[in-house]
Trainee: 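Supplied in structure tokens, the structure appears directly below.
Just so we're clear, the structure is a prediction, and the values are computed from it rather than from any experiment. Convention: sequence-line order gives letters A, B, ...; per-chain numbering from 1.
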Amino acid sequence: MAFWLMKSEPDVYGIQHLQQDGTTLWDGIRNYQARNFMRSMAIGDRAFFYHSNAKPPGIVGMMEVVETGLTDPSQFDPTNKYFDPKSNPEQPRWDCVRLRYMGTFNELLSLDALREQFSVEELPVVRQGNRLSILPVPDASAQRLLELLGSL
DNA sequence: GCCAACGTTGGC
DNA sequence: GCCAACGTTGGC
């Protein structure tokens, strides 16, 4: 089982939305590196839910990967913000995974706090200017994060 | 609102 | 294939 960190803006889709929905399709990823990370996800993997563009930004909850290798439907919908005219239904360019809400931590673990605790190698999200919305979390860092965050 | 850190696009 | 221009993400 691997660990990941996935960003979303709370105003657009925050942990509260996921809590209400139960599960969600993580669609709209239009960055090849992030897409490739999604492709390497396996059912049962865990993901830290990170609020980006928030005050403050940081980790707020936990998710579980429940379905992989799904085609992102938004790429074929001309009315969708993430419509990709270059994508072909026979060979879809973008895929996504389905995630299940596991819980919300008692307190947000801010990016500032993460930077105090982790190096860029230990937790790539702390790198300045990191725009990747999906990042791997090494096992050792995931265990330390879970200790810092406490129970769900 | 600004800026850093990219990725993408298009001219050549 | 290079690179300038442009767009986007996301922190501050």
Side-chain angles (χ1 to χ4, degrees), chain A residues 2-21 23-41 45-65 68-99 101-138 140-142 144-150:
Chain A
F3 286 91
W4 308 90
L5 182 144
M6 303 175 84
K7 300 180 186 175
S8 186
E9 301 185 25
D11 295 345
V12 179
Y13 194 87
I15 189 79
Q16 295 87 348
H17 298 104
L18 179 60
Q19 184 172 18
Q20 284 170 12
D21 294 345
T23 73
T24 193
L25 213 54
W26 206 266
D27 59 358
I29 299 300
R30 295 293 179 271
N31 173 287
Y32 288 106
Q33 210 178 337
R35 182 203 65 180
N36 293 342
F37 283 138
M38 272 204 303
R39 283 188 174 171
S40 62
M41 288 180 184
D45 281 2
R46 304 285 164 87
F48 294 93
F49 196 126
Y50 178 97
H51 277 174
S52 60
N53 264 324
K55 294 174 185 172
I59 292 172
V60 292
M62 206 72 203
M63 306 183 279
E64 180 188 8
V65 177
T68 59
L70 303 164
T71 297
D72 181 342
S74 65
Q75 66 194 308
F76 302 124
D77 175 4
T79 66
N80 192 287
K81 176 186 175 188
Y82 297 108
F83 175 62
D84 183 355
K86 292 180 183 170
S87 188
N88 173 350
E90 325 244 302
Q91 260 192 318
R93 180 180 299 208
W94 306 110
D95 22 275
C96 57
V97 297
R98 180 170 292 280
L99 295 155
Y101 174 77
M102 289 183 68
T104 305
F105 295 108
N106 289 328
E107 289 181 27
L108 170 144
L109 186 55
S110 71
L111 180 57
D112 279 349
L114 293 175
R115 288 192 163 130
E116 286 175 16
Q117 300 281 340
F118 293 91
S119 68
V120 171
E121 291 72 28
E122 290 168 332
L123 197 65
V125 73
V126 306
R127 203 184 88 229
Q128 188 201 345
N130 198 328
R131 298 174 309 147
L132 255 192
S133 63
I134 298 176
L135 296 156
V137 177
S141 300
R144 285 172 59 198
L145 278 174
L146 291 171
E147 282 173 29
L148 290 167
L149 287 157

Trainee: Mind checking what makes salt bridge (Lys or Arg N to Asp or Glu O under 4.0 Å) contact with A:R144, not counting sequence neighbours?
Mentor: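 So A:R144 forms a salt bridge (Lys or Arg N to Asp or Glu O under 4.0 Å) with A:E122.
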
Trainee: Does A:R98 have any salt bridge (Lys or Arg N to Asp or Glu O under 4.0 Å) partners at least two apart in sequence or in another chain, and if so, which?
Mentor: A:E67

Trainee: Using the salt bridge (Lys or Arg N to Asp or Glu O under 4.0 Å) criterion, which residues pair with A:E107? Sequence neighbours excluded.
Mentor: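 In terms of salt bridge (Lys or Arg N to Asp or Glu O under 4.0 Å), with neighbours along the sequence ignored, A:E107 is linked to no residue.
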
Trainee: Strictly under 4.0 angstrom, non-hydrogen atoms only: write out the protein contact profile of nucleotides 5-12 of chain C, one letter per nucleotide from the 5' end, B, S or -.
Mentor: --BBBBBS

Trainee: Assign A:R30 to base, sugar-phosphate, or nothing according to its heavy-atom contacts below 4.0 angstrom with the strands shown.
Mentor: nothing

Trainee: Go through the structure and list residues passing salt bridge (Lys or Arg N to Asp or Glu O under 4.0 Å) with A:R35, not counting sequence neighbours.
Mentor: none

Trainee: Under the ring-ring contact (aromatic ring centres under 6.0 Å, His included) rule, collect the residues that match up with A:Y32, sequence neighbours excluded.
Mentor: A:W94

